[in-house]
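Down below is the structure, laid out as structure tokens.
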Amino acid sequence: MSSIKIECVLPQKCGCGESPVWEEASNSLLFVDIPAKKICQWNSLSKQVQQVTVDAPVSSVALRQSGGYVATIGTKFCALNWENQSVVVLAEVDKDKKNNRFNDGKVDPAGRYFAGTMAEEVAPAVLERHQGSLYSLSPDHHVKKYFDQVDISNGLDWSLDHKIFYYIDSLSYSVDAFDYDLQTGQISNRRSVYKLEKEEQIPDGMCIDVEGRLWVACYNGGRVIRLDPETGKRLQTVKLPVDKTTSCCFGGKDYSEMYVTCARDGMDPDSLLRQPEAGGIFKITGLGVKGIASYPYAG
């Protein structure tokens, strides 16, 4: 095992940093700050941050094949032109639930944008339950609804052979798997592959590595854990100097670095004093495993 190094590369003070995505073309990390309604791009070479502010909480961002990005803003799937900061709505969901918003989202290997909803929180992880649903936006902008009764729709990714879809509904404290049909985007046969232990707290964002193992950020747990979805075993725990770790992705020139987002909303002054880097962007090196590039939305 190589020696693991954890550093705060960007002291951003996000209320709730989320959805880290590595953009190879610009050597940049994209991420969002949900309550600040900001989509951010941190250039790893120049160390500069650019940001676009939108008109509703923005919960995920993804690359777009035709250029620019896509994002989930409020209850809308949107396209974002970074150059002129314009936002175009591609589709809207949950129109009957005024209190809902999107949460985590990610693009599948066929270019569909998956994202789920939840009720707005009264306090972190405190909300009206069973209000959310899981959706996907196909390249032709058609919206498909998979299921409802979701509490906090969260981490998602696909197995390396694209035959399994992994998904987290945070308050179930479980990482679930579905059989996945890449051609049709159909999911079936839901099962739990890992149940979180008490000290691991709440499962949040997730990504996969080149060995097919899952990395899950644990909200309030101050860690990312590495799981083997086939055996249901935890293989590794990496602790961070902040409690509210929210999501993770691999990046860097060979995808050997891990980037972790976190939150500071809901922390009392004492906790903030003890965790001055809360809300920042962390880089973990020396994990000894690489990740894969994220897929761009094909529409």
Side-chain angles (χ1 to χ4, degrees), residues 1-22 29 31 33-34 42 44 104 124-125 152 154-157 166 168 170-175 193-229 231-252 255-291:
M1 204 58 177
S2 42
S3 65
I4 291 173
K5 181 181 169 197
I6 299 168
E7 57 183 319
C8 181
V9 290
L10 182 62
Q12 184 74 5
K13 293 194 174 3
C14 290
C16 184
E18 263 286 2
S19 184
V21 177
W22 184 257
L29 184 77
F31 63 96
D33 183 350
I34 300 177
W42 173 74
S44 66
D104 208 352
I152 301 178
N154 234 322
L156 48 183
D157 217 329
Y166 297 109
I168 292 169
S170 288
L171 298 188
S172 70
Y173 294 88
S174 173
V175 180
V193 293
Y194 185 80
K195 277 283 192 196
L196 274 85
E197 293 170 19
K198 200 169 179 184
E199 77 276 5
E200 292 168 347
Q201 295 281 352
I202 303 172
D204 202 325
M206 166 170 64
C207 66
I208 198 163
D209 65 29
V210 292
E211 294 173 7
R213 312 294 203 268
L214 300 173
W215 292 82
V216 179
C218 300
Y219 185 82
N220 285 343
R223 67 193 71 191
V224 288
I225 54 175
R226 188 183 192 219
L227 313 173
D228 184 339
T231 63
K233 298 268 189 293
R234 181 181 70 223
L235 306 173
Q236 195 176 348
T237 299
V238 180
K239 293 197 172 162
L240 286 94
V242 289
D243 285 342
K244 294 183 180 290
T245 36
T246 55
S247 193
C248 51
C249 78
F250 284 93
Y255 291 91
S256 65
E257 302 165 349
M258 176 175 278
Y259 289 91
V260 181
T261 50
C262 63
R264 61 191 283 123
D265 274 9
M267 291 175 67
D268 60 37
D270 280 357
S271 305
L272 288 169
L273 219 51
R274 282 197 312 274
Q275 301 174 32
E277 296 168 327
I281 304 295
F282 288 83
K283 179 170 83 170
I284 305 174
T285 46
L287 286 172
V289 68
K290 295 177 181 181

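Numbers here are sequence positions counted from 1.
For the pair Phe282/Pro241, a side-chain contact is recorded, criterion being any heavy-atom separation below 4.5 Å from C-beta on. In this structure, Cys262 and Glu277 have side chains that are not in contact, with every pair of non-hydrogen atoms separated by 4.5 Å or more. Side-chain contact between Arg226 and Val289: present, with at least one pair of heavy atoms (C-beta onward) separated by less than 4.5 Å. At a threshold of 4.5 Å between non-hydrogen side-chain atoms, the residues Ile281 and Trp42 do not count as touching. For the pair Leu214 and Tyr194, the minimum side-chain heavy-atom distance is 4.5 Å or more. Between Asp204 and Thr245, every side-chain heavy-atom pair lies at or beyond the 4.5 Å cut-off. Using a 4.5 Å cut-off on side-chain heavy atoms (C-beta onward), Leu227 and Val193 make no contact. Taking the side chain as every heavy atom from C-beta outward, Leu235 and Glu211 never approach each other to under 4.5 Å.
Under the 3.5 Å distance criterion, the side-chain polar atoms of Arg264 are matched with a main-chain donor or acceptor of Ala278. Side-chain atoms of Gln275 come within 3.5 Å of backbone N or O of Asp243 as a donor-acceptor pair. A donor-acceptor distance shorter than 3.5 angstrom exists from the side chain of Lys195 to the backbone of Ser172, with no hydrogens or angles considered. In this structure, Asp157 contributes its side chain and Tyr166 its backbone to no donor-acceptor pair below 3.5 Å.
Annotation for Lys283: atom NZ counts as buried by contact number, over 12 foreign heavy atoms lying within 6.0 Å.
The two atoms that bring Leu196 and Glu200 nearest to each other are CA-OE1, 3.4 Å, heavy atoms only. The two atoms that bring Ala217 and Cys248 nearest to each other are N-SG, 4.2 Å, heavy atoms only. Closest approach of Ile6 and Lys239 over heavy atoms only: CD1-O, 3.1 Å. Scanning all heavy atoms of the two residues, the minimum distance from Pro203 to Ser174 falls at CG-N, 4.1 Å.
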_side chain to side chain contact (heavy atoms under 4.5 Å, CB included) for Leu287 and Gln236? Distances and angles first, verdict last._
CA-CA 10 Å; Leu287 286 172; Gln236 195 176 348; 4.0 Å; yes
*asked:* For Trp22 and Tyr259: C-alpha separation, side-chain torsions, deciding distance, then whether ring-ring contact (aromatic ring centres under 6.0 Å, His included) applies.
replied: CA-CA 9 Å; Trp22 184 257; Tyr259 289 91; 5.4 Å; yes
*Take Glu18 and Asn154 through the side chain to side chain contact (heavy atoms under 4.5 Å, CB included) test and state the conclusion after the steps.*
CA-CA 10 Å; Glu18 263 286 2; Asn154 234 322; 4.1 Å; yes
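Here the straight-line distance linking atom CE of Met267 with atom CZ of Arg274 works out to 7.5 Å at 0.5 Å rounding. Here OG1 of Thr261 is found 13.5 Å from NZ of Lys244. Values are rounded to the nearest 0.5 Å. Distance check, rounded to the nearest 0.5 Å: OG1 of Thr237 to CD1 of Ile225 gives 6.5 Å. Atom NZ in Lys5 sits 12.5 Å away from atom CD1 in Ile284 (nearest 0.5 Å). To the nearest 0.5 Å, the span separating CD1 on Ile202 from OH on Tyr219 amounts to 7.0 Å.
Just one of Pro20, Ser19, Cys218, Cys16 meets the side chain to side chain contact (heavy atoms under 4.5 Å, CB included) condition when paired with Thr246; it is Cys16. Of the candidates Lys233, Arg234, Arg213, Arg213 is the only one forming a salt bridge (charged side-chain N to carboxylate O under 4.0 Å, His left out) with Asp228.
Side chain to side chain, Gln12 and Asp33 fail the donor-acceptor criterion of an N or O pair below 3.5 Å.
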